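The structure presented is a predicted model; accordingly, all values stated were derived computationally and were not measured. Note: hydrogens, waters and symmetry copies are ignored here, and every other heavy atom, side chains too, is used.
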Amino acid sequence: QVQLVESGGGLVQAGGSLRLSCAASGRTFSLYGMGWFRQAPGKEREFVAAISRSGESTSYADSVKGRSTISRDNAKNTMYLQMNSLKPEDTAVYYCAAQLGWGPFLSEYEYEYWGQGTQVTVSS
């Protein structure tokens, strides 16, 4: 198993930036494709970004493409999501997820392990 803990969320003004982190423990981090998802109040959870286990391949939702960068440091067992030019519609709980395999995996149904989430609130 792998345990995931997100951090870095908070309150930011529109146009600002945040960097989310996802720290993993347990099994070998580099064996897992990783992803970020988010869930806004009253909405279903949606895909944000994903990265292959080596970090060479990434994928983004259209809603964040060009404003966000997903990355990972396998030596630190940590994945990141740098979000820039934040908008009020980015407000959500952000979750990181892990799945054994190469990745990137784009569907939440492909992921076995999930963190507890970190709140991101963007004020207008």
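- Of all non-hydrogen atoms in Ala40 and Ala92, the two that sit nearest each other are N-CB, 3.8 Å.
- Across all non-hydrogen atoms, the minimal contact from Ser85 to Ser17 is N-OG, 4.3 Å.
- Met79 is not listed as a side-chain neighbour of Ser21, based on a closest heavy-atom distance of 4.5 Å or more.
- Nearest heavy-atom pair, Thr118 versus Gly9, reported as atom, atom and distance to 0.1 Å: OG1-N, 3.2 Å.
- Within the 4.5 Å cutoff, side-chain heavy atoms of Met34 are placed close to those of Arg72.
- Taking both residues in full, the closest heavy atoms of Ser59 and Leu106 are given as OG-CD2, 3.7 Å, listed atom of the first, atom of the second, then distance.
- With sequence neighbours excluded, the residues forming a side-chain contact (heavy atoms from CB on, under 4.5 Å) with Ser25 are Gln3, listed by chain and number.
- A search for side chain to side chain donor-acceptor pair (under 3.5 Å) contacts involving Asp73 returns nothing, not counting sequence neighbours.
- A donor-acceptor pair under 3.5 Å is absent between the side-chain atoms of Ser68 and the main chain of Met83, judged by distance alone.
- The distance from atom OH of Tyr60 to atom CG of Asp62, rounded to the nearest 0.5 Å, is 13.0 Å.
- Sorted by first then second residue, the ring-ring contact (aromatic ring centres under 6.0 Å, His included) pairs that include residues 62-91, not counting sequence neighbours, number zero.
- At distances below 3.5 Å, at least one donor-acceptor pair connects side-chain atoms of Glu6 with backbone N or O atoms of Cys96.
- Using a 4.5 Å heavy-atom cutoff, the side chains of Trp36 and Leu20 are in contact.
- Scanning for side chain to side chain donor-acceptor pair (under 3.5 Å) contacts around Thr28 gives an empty result, with sequence neighbours left out.
- In this structure, Cys22 SG and Leu81 CG are separated by 10.5 Å, a value rounded to the nearest 0.5 Å.
- Listed by chain and residue number, Phe37 satisfy the ring pair (Phe, Tyr, Trp, His ring centres under 6.0 Å) test with Phe47 (two or more places apart in sequence, or in another chain).
- Screening residues 88-110 for side-chain hydrogen bond (donor to acceptor under 3.5 Å, both in side chains) gives Arg38-Asp90, Arg38-Tyr94, Arg45-Glu108, Arg67-Asp90 as the qualifying pairs, with residues at least two apart or on separate chains.
- Leu100 and Ile51 end up in the same hydrophobic cluster when Ile, Leu, Val, Met, Phe, Trp and Tyr side chains are linked at under 4.5 Å.
- There is a path of hydrophobic side-chain contacts, each under 4.5 Å, that joins Val48 to Tyr113.
- Residues Val120 and Leu18 form a side-chain contact, since some pair of their non-hydrogen atoms from C-beta on lies under 4.5 Å apart.
- When atom types are taken as modelled, the side chain of Gln1 and the backbone of Gly26 share no donor-acceptor pair closer than 3.5 angstrom.
- With a 4.5 Å cut-off on side-chain heavy atoms, Thr58 and Ser52 do not count as touching.
- The closest side-chain heavy-atom distance from Val122 to Lys87 is not below 4.5 Å.
- Although no hydrogens or angles enter the test, the distance criterion places a donor-acceptor pair under 3.5 Å between the side chain of Tyr111 and the main chain of Phe105.
- In this structure the side chain of Leu4 never reaches within 4.5 angstrom of the side chain of Trp114, judged on heavy atoms.
- Of all the heavy atoms in Tyr32 and Val2, the pair that sits closest is CE2-CG1, 4.0 Å.
- In this structure, OG in Ser123 is found 10.0 Å from CG in Leu86, a value given to the nearest 0.5 Å.
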